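What follows is a short report on a single structure.
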Amino acid sequence: MRFTLTSRVSSYSRAAVAGLSGDCGKTFLSLGLVAALSRRGHKVAPFKKGPDYIDAAWLAQAAGRSCRNLDPWLMPEDTIQGLFSLHASKTRISIMEGNRGLFDGMDAQGSNSTAELCRILSMPVLLILPVVKQTRTAAAIVLGCEQFAQKHKIKLGGVVLNRVATARQKRVICQAIEDYTETPVLGAIPRLKDTSLIAGRHLGLIPVAEQAEPRTMLDFAAQVMEDHVDLDAVLAMADEAGTMPVMTPVDHDAPQAKVRIGVVRDGAFNFYYPENLQALEDAGARLVMVDALQDDRLPQLDALYVGGGFPETHLGRLERNKALRNDIRSAAAKGLPVYAECGGLMFLCDEVRTADGAASMCGVLPYTVTMHKKPAGHGYCELLVEKPNPFYAVGEVLRGHEFHYSRVEQDTSATAVCAMRRGTGLGNGRDGLCFQNVWASYTHIHAAGLPQWARGMIRAAQGFSSENTKETL
């Protein structure tokens with residue numbers, strides 16, 4: 001999707017929730033605010049800074065509309081502003097959850113930090129500040145954040161204290177922040193005695209797709225905000241956001257020939273950016289959903305997209321669905337274009353091994369994947385395409401991200417088509433397994449920053465459809 005500048009004046013009400021580090025309460029505050037404001041009848045546009053599927057899905061559940069990921073590493077500024085304008089314009093307020101610490105980025109300048117994204121969007125910051133065993137020092141931290149915010153040309157609009165132990169502690173901290181800083185305290189969340197509703201896995205929440213009653217946790221978070229955060233003050237802070245460039249979409253190119261692209265989407269595979277699916281549809285694809293846990297046959301398709309997820313938590317059901325696995329292996333052998341990311345890569349291999357044993361997968365790729373206790377790859381990726389493949393031109397540079405606890409056991413140098421400029425991938429400086437018309441990588445991409453991905457998918461699907469048509473004539 002391309003955007004063009006319309007004006008430099010925006011009345012979008014917006015705020016970013018940011019913290020000092022990971023595990024400080026950003027996600028809980030963001031979800032609670034979105035859920036609480038939605039309960040009050042406000043239309044809320046949720047956004048997530050950085051590469052993240054799980055928090056984004058929870059934010060979408062809380063808002064009742066898709067959450068959009070924005071990231072200065074994955075996409076250019078005009079695309080960030082365009083995507084934000086497109087979705088913020090339809091709502092009362094936009095809430096964006098940051099990642100890591102407010103000023104943390106890939107370098108000492110914080111070039112892709114939450115603060116940098118807030119600068120691009122002229123977005124005020126609501127800082128969540130854990131205050132365990134702390135009083136007056138909290139004011140010093142806020143003062144330092146104010147000074148850093150000025151250097152980044154952003155505004156610290158408010159503070160929410162987190163994990164407050166006593167009324168006295170709250171009173172002393174609030175007085176100190178009022179005396180020494182210009183940032184108002186908009187809320188104080190106590191130490192929560194029962195956090196059983198906030199179920200986590202790895203470095204975040206359990207995916208919403210795996211929760212039987214996600215509203216239970218969201219209602220809990222919303223009630224905490226109603227009880228301990230001044231929601232009217234948060235709205236007022238967001239309403240005072242500065243001006244920003246307003247971008248509108250440029251007319252799409254005429255859709256190419258219609259093709260049917262399957263998307264494996266279920267409890268095991270649910271890591272998809274809305275822009276990726278939208279890009280395929282805009283290019284003329286009809287998307288056909290496939291459930292790897294329940295569907296016993298692969299429908300008639302021109303290509304297949306297998307995103308990431310947690311297949312390791314569903315290995316028994318995936319293995320028992322032998323009919324679908326055989327269909328996928330047979331279709332790939334006949335040349336069906338398949339694009340798989342991370343969990344999708346695992347699914348296409350011969351088997352996946354965990355501490356509990358091994359489970360057979362599709363057998364499209366002749367490799368074994370083993371789960372480990374610690375991450376095998378985590379962070380941003382940059383790949384150089386070095387060998388021919390069905391989806392990308394040789395010489396293209398791909399930016400994406402990875403987060404996986406699994407490794408491919410065998411040597412993949414013969415079939416990996418990309419050199420890793422940044423990141424781990426398959427290991428040994430490579431990623432992007434290719435076999436016939438199959439691509440499988442640990443790297444996830446975002447179509448808003450890599451438009452050639454959708455074009456490559458459509459081109460491969462058209463080629464397969466054309467060959468099939470010839471064979472039937």
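From a predicted model like this one, the values you see are computed outputs, not experimental measurements.
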Residues Lys26, Cys24; criterion side chain to side chain contact (heavy atoms under 4.5 Å, CB included); working and verdict: CA-CA 6 Å; Lys26 292 188 301 294; Cys24 66; 3.6 Å; yes

Stepwise side chain to side chain donor-acceptor pair (under 3.5 Å) check, Thr370 with Glu409: CA-CA 7 Å; Thr370 301; Glu409 293 299 323; 2.7 Å; yes

Tyr305/Trp453 under ring pair (Phe, Tyr, Trp, His ring centres under 6.0 Å): CA gap, chis, key distance, verdict: CA-CA 12 Å; Tyr305 181 20; Trp453 170 79; 5.2 Å; yes

Leu127/Val160 under side chain to side chain contact (heavy atoms under 4.5 Å, CB included): CA gap, chis, key distance, verdict: CA-CA 6 Å; Leu127 185 72; Val160 172; over 6 Å; no

Criterion side chain to side chain contact (heavy atoms under 4.5 Å, CB included) on Leu280 and Met457, from CA distance to verdict: CA-CA 8 Å; Leu280 295 176; Met457 284 285 289; 3.7 Å; yes

Test log, rule salt bridge (charged side-chain N to carboxylate O under 4.0 Å, His left out), inputs Asp232 and Arg40: CA-CA 11 Å; Asp232 291 331; Arg40 288 190 171 190; 3.1 Å; yes

Working for side chain to side chain contact (heavy atoms under 4.5 Å, CB included), residues Lys155 and Cys118: CA-CA 9 Å; Lys155 177 178 175 56; Cys118 289; over 6 Å; no

Verdict with reasoning, Thr183 to Glu146, per side chain to side chain donor-acceptor pair (under 3.5 Å): CA-CA 8 Å; Thr183 304; Glu146 281 184 347; 2.6 Å; yes

Verdict with supporting geometry, Arg215 and Glu213, salt bridge (charged side-chain N to carboxylate O under 4.0 Å, His left out): CA-CA 5 Å; Arg215 289 305 318 180; Glu213 298 291 340; over 6 Å; no

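Between the side chain of Asn276 and the main chain of Ile445, a donor-acceptor pair closer than 3.5 Å is present. The closest donor-acceptor contact from the side chain of Thr424 to the backbone of Gly427 lies at 3.5 Å or more, if one exists at all. Here the side chain of Asn270 pairs a donor or acceptor atom with the backbone of Asp266 at under 3.5 angstrom. Under the 3.5 Å distance criterion, the side-chain polar atoms of Asn112 are matched with a main-chain donor or acceptor of Met106. Of the possible donor and acceptor atoms, one in the side chain of Arg14 sits under 3.5 Å from a partner among the backbone N and O of Leu121. In this structure, the side chain of Asp431 engages the main chain of Thr443 through a donor-acceptor pair within 3.5 Å. Under the 3.5 Å distance criterion, the side-chain polar atoms of Gln81 are left unmatched by any main-chain donor or acceptor of Pro245. The closest donor-acceptor contact from the side chain of Asp104 to the backbone of Gly101 lies under 3.5 Å.
Across Tyr53, Tyr380, Phe271, Tyr442, a single residue satisfies ring pair (Phe, Tyr, Trp, His ring centres under 6.0 Å) together with His401, and that is Tyr53. If you run side chain to side chain contact (heavy atoms under 4.5 Å, CB included) between Phe269 and each of Val263, Asp291, Val306, only Val306 comes through.
The CG atom of Leu383 sits 9.0 Å away from atom OH of Tyr392, with the distance rounded to the nearest 0.5 Å. Going from atom CE of Met225 over to atom CZ of Arg39 covers 11.0 Å, rounded to the nearest 0.5 Å. The CD1 atom of Ile173 sits 12.0 Å away from atom CD of Gln175, with the distance rounded to the nearest 0.5 Å. The CG atom of Leu20 sits 9.0 Å away from atom CZ of Phe103, with the distance rounded to the nearest 0.5 Å. Distance check, rounded to the nearest 0.5 Å: OG of Ser85 to CD1 of Ile80 gives 11.5 Å. Interatomic distance, Thr27 OG1 to Asp52 CG, rounded to the nearest 0.5 Å: 7.5 Å.
Looking at Pro311 and Leu318, their side chains come closer than 4.5 Å, going by heavy atoms from C-beta outward. The shortest side-chain heavy-atom distance between Val131 and Arg163 does not fall under the 4.5 Å cut-off. Using a 4.5 Å heavy-atom threshold, the side chains of Val352 and Phe347 count as separate. Under the 4.5 Å side-chain criterion, counting only non-hydrogen atoms from C-beta, Glu275 is in contact with Leu83. Residues Leu161 and Cys174 meet the side-chain proximity criterion, which asks for heavy atoms closer than 4.5 Å. In this structure the side chain of Lys48 reaches within 4.5 angstrom of the side chain of Asn99, judged on heavy atoms. Between Cys342 and Glu402, the closest side-chain pair of non-hydrogen atoms is not below 4.5 Å. The shortest distance between side-chain heavy atoms of Leu33 and Val17 falls below 4.5 Å.
Between His404 and Phe310, a ring centre-to-centre spacing not shorter than 6.0 Å is recorded. You'll find the ring centres of Tyr405 and His372 outside the 6.0 Å limit.
At a threshold of 4.0 Å, the pair Arg399-Glu382 counts as salt-bridged, since one of the basic side-chain nitrogens sits closer than that to a carboxylate oxygen. Salt bridge absent: Glu97 and Lys49 never bring a charged side-chain N and a carboxylate O closer than 4.0 Å. The existence of a salt bridge linking Asp239 and Arg92 is confirmed by a sub-4.0 Å separation between a basic side-chain nitrogen and an acidic carboxylate oxygen. Ion pairing between a basic and an acidic side chain is recognised when a charged N comes within 4.0 Å of a carboxylate O; Glu386 and Arg430 show such pairing. Ion pairing between Glu77 and Arg119 holds under the 4.0 Å rule for side-chain N and carboxylate O.
Closest heavy-atom contact between Val44 and Leu37: CG2-CB, 3.8 Å. Contact between Leu235 and His42 at its shortest, heavy atoms only, is CD1-NE2, 3.8 Å. In terms of heavy-atom proximity, Asn69 sits nearest to His446 at O-NE2, 3.8 Å. Scanning all heavy atoms of the two residues, the minimum distance from Ala115 to Ile154 falls at O-CG2, 3.6 Å. Across all non-hydrogen atoms, the minimal contact from Ala62 to Leu31 is CB-O, 4.2 Å. For Ser111 against Pro72, the heavy-atom pair with the smallest separation is O-CB, 4.3 Å.
Under a cut-off of 6.0 angstrom, the local environment of CG in Asp227 is crowded, with over 12 non-hydrogen atoms contributed by other residues, nucleotides or ligands. Shown here is Arg136, whose CZ atom has no more than 12 heavy atoms of other residues, nucleotides or ligands within 6.0 Å. Annotation for Glu182: atom CD does not count as buried by contact number, only 12 or fewer foreign heavy atoms lying within 6.0 Å.
With 3.5 Å as the limit, one finds no donor-acceptor pair spanning the side chains of Thr91 and Tyr12. Judged purely by distance below 3.5 Å, without hydrogens or angles, the side chains of Tyr273 and His444 never pair a donor atom with an acceptor atom. Residues Asp219 and Gln223 have side chains that never bring a donor and an acceptor to within less than 3.5 angstrom of each other.
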